[in-house]
Amino acid sequence: MLKENRQALAEGFRDGIPIGLGYFVVSFTLGILARYVGLTPFQGFLASLLNNASAGEYVGFTLIAAHAPYLEIAIMTFIANARYLLMSTVVSQKFSPNTPFYHRILVGFDITDEIFGITIARKGWLNPFYNYGAMLTALPGWSIGTALGIIAGNILPPSAVSALSVALYGMFIAIIIPPARKDKIVAVCVVVSFAASFLAETFLSGIISAGTRTIFLTILIAGAAAILFPVKDKQ
């Protein structure tokens, strides 16, 4: 058993290397935003270590910049990361019935899109040490990249920081464009959300806070799409 765990750990570490390198690049740009919000390198490192999710952290940092209350930040972070609940449910079916509960909890701590992909691709029962190996590269890459992005933002001149901040929009686009290209309904929802956000900012900025507007629009648009265009089960 010990030999199997070591082998699974090594395989997870190997498969997680490209994921960790990719996370490092993306989180570096996220660190620029964290620096703008006022986070220290340690705070950015800790935030990314405990919340390995690009969309979730982007939303959280944006709301911090808007001086949103804690409740709004918590709700929006939950909404942005809600898909991981479904991914964790799928991954839980890969475990042997004899797998201890604490392994399920630890593996569920770092279920990202990429780690989910390599986990589901594994054949047979899932050895949790495979995920631990992937996490050994993913978590440091994401959290260290964020911290270094903040440090770079503190060292570089304002003009360079402004130029690097453009990468944040690239990261955001990279999140929404792939699913929008695959599904026309998602594309329509993206366009509607842009228009609705613009109108809300224009007419409700002095009435409702940015975080509350985002929560309402997210629930309204996503709920309407789910009711009008439900996803059909594939047989």
Side-chain angles (χ1 to χ4, degrees), residues 23 26-27 29-92 101-102 104-116 135 138-139 141-147 149-150 153 165 168-169 171-172 174-176 179 186 189-190 192-194 196-201 204-227:
Y23 283 177
V26 175
S27 64
T29 62
L30 186 68
I32 300 297
L33 175 61
R35 180 261 182 188
Y36 171 78
V37 171
L39 270 64
T40 66
F42 175 74
Q43 290 171 335
F45 175 87
L46 191 60
S48 288
L49 185 66
L50 299 178
N51 184 29
N52 189 1
S54 57
E57 282 193 71
Y58 181 88
V59 169
F61 291 163
T62 302
L63 292 177
I64 292 175
H67 303 289
Y70 293 137
L71 181 60
E72 289 183 3
I73 297 174
I75 293 176
M76 277 310 303
T77 302
F78 173 79
I79 293 174
N81 294 334
R83 70 185 187 277
Y84 297 124
L85 294 175
L86 300 178
M87 293 183 186
S88 297
T89 301
V90 175
V91 171
S92 69
F101 183 71
Y102 68 87
R104 301 172 185 269
I105 294 295
L106 293 175
V107 168
F109 169 73
D110 195 27
I111 294 293
T112 65
D113 298 338
E114 293 76 15
I115 293 181
F116 174 78
M135 291 164 61
L139 282 174
W142 186 253
S143 54
I144 293 175
T146 303
I150 297 174
S165 64
L168 289 170
Y169 298 99
M171 181 186 73
F172 179 72
I175 294 173
I176 63 174
V186 175
C189 289
V190 169
V192 171
S193 66
F194 283 166
S197 296
F198 174 77
L199 293 175
E201 173 67 23
L204 300 176
S205 60
I207 303 175
I208 304 177
S209 67
T212 302
R213 294 199 304 268
T214 304
I215 293 173
F216 285 154
L217 290 177
T218 300
I219 295 176
L220 179 63
I221 296 173
I227 294 173

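All values below come from the heavy atoms of this structure, side chains included, with hydrogens, waters and symmetry mates left out.
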Evaluate whether atom CZ of Phe116 has more than 12 neighbouring non-hydrogen atoms of other residues, nucleotides or ligands under 6.0 angstrom away.
-> yes
Quick check: are there more than 12 heavy atoms from other residues, nucleotides or ligands sitting under 6.0 Å from CZ of Phe109?
-> yes
For side-chain contact (heavy atoms from CB on, under 4.5 Å), just list the numbers for Leu49 and Thr146, CA-CA rounded to whole Å, side-chain angles, deciding distance to a tenth of an Å, and then say yes or no.
-> CA-CA 9 Å; Leu49 185 66; Thr146 303; over 6 Å; no
Mind running side-chain contact (heavy atoms from CB on, under 4.5 Å) on Ile111 and Val107 for me, showing each step along the way?
-> CA-CA 7 Å; Ile111 294 293; Val107 168; 4.1 Å; yes
I need the minimum non-hydrogen distance between [X] and [Y], along with the two atoms involved.
X      : Y     : value
Val37  : Ala65 : CG2-CB, 3.9 Å
Ala147 : Pro41 : CB-O, 3.6 Å
Ala68  : Ile73 : O-CD1, 3.7 Å

Just to verify, what does [X] make a side chain to side chain contact (heavy atoms under 4.5 Å, CB included) with, not counting sequence neighbours?
X      : result
Ile144 : Phe24, Phe45, Pro140, Leu148
Leu71  : Ile75
Asp113 : Arg83, Tyr84, Met87
Leu220 : none

From [X] [atom1] over to [Y] [atom2], what is the distance, rounded to the nearest 0.5 angstrom?
X      : Y      : atom1 : atom2 : value
Met135 : Leu106 : CE    : CG    : 7.0 Å
Ser27  : Ile150 : OG    : CD1   : 10.0 Å
Glu57  : Ser48  : CD    : OG    : 3.5 Å
Ile64  : Glu72  : CD1   : CD    : 12.5 Å
Asn81  : Asn52  : CG    : CG    : 10.0 Å

Determine yes or no for a side-chain-to-main-chain donor-acceptor pair under 3.5 angstrom, with Thr77 supplying the side chain and Ala74 the backbone.
-> no
Who pairs with Tyr23 by ring-ring contact (aromatic ring centres under 6.0 Å, His included), at least two apart in sequence or on another chain?
-> Trp142
Decide yes or no on side-chain contact (heavy atoms from CB on, under 4.5 Å) for Ile79 and Ile219, but give the supporting numbers first.
-> CA-CA 9 Å; Ile79 293 174; Ile219 295 176; 4.3 Å; yes
List the steps, then state whether side-chain contact (heavy atoms from CB on, under 4.5 Å) holds for Tyr58 with Thr29.
-> CA-CA 10 Å; Tyr58 181 88; Thr29 62; over 6 Å; no
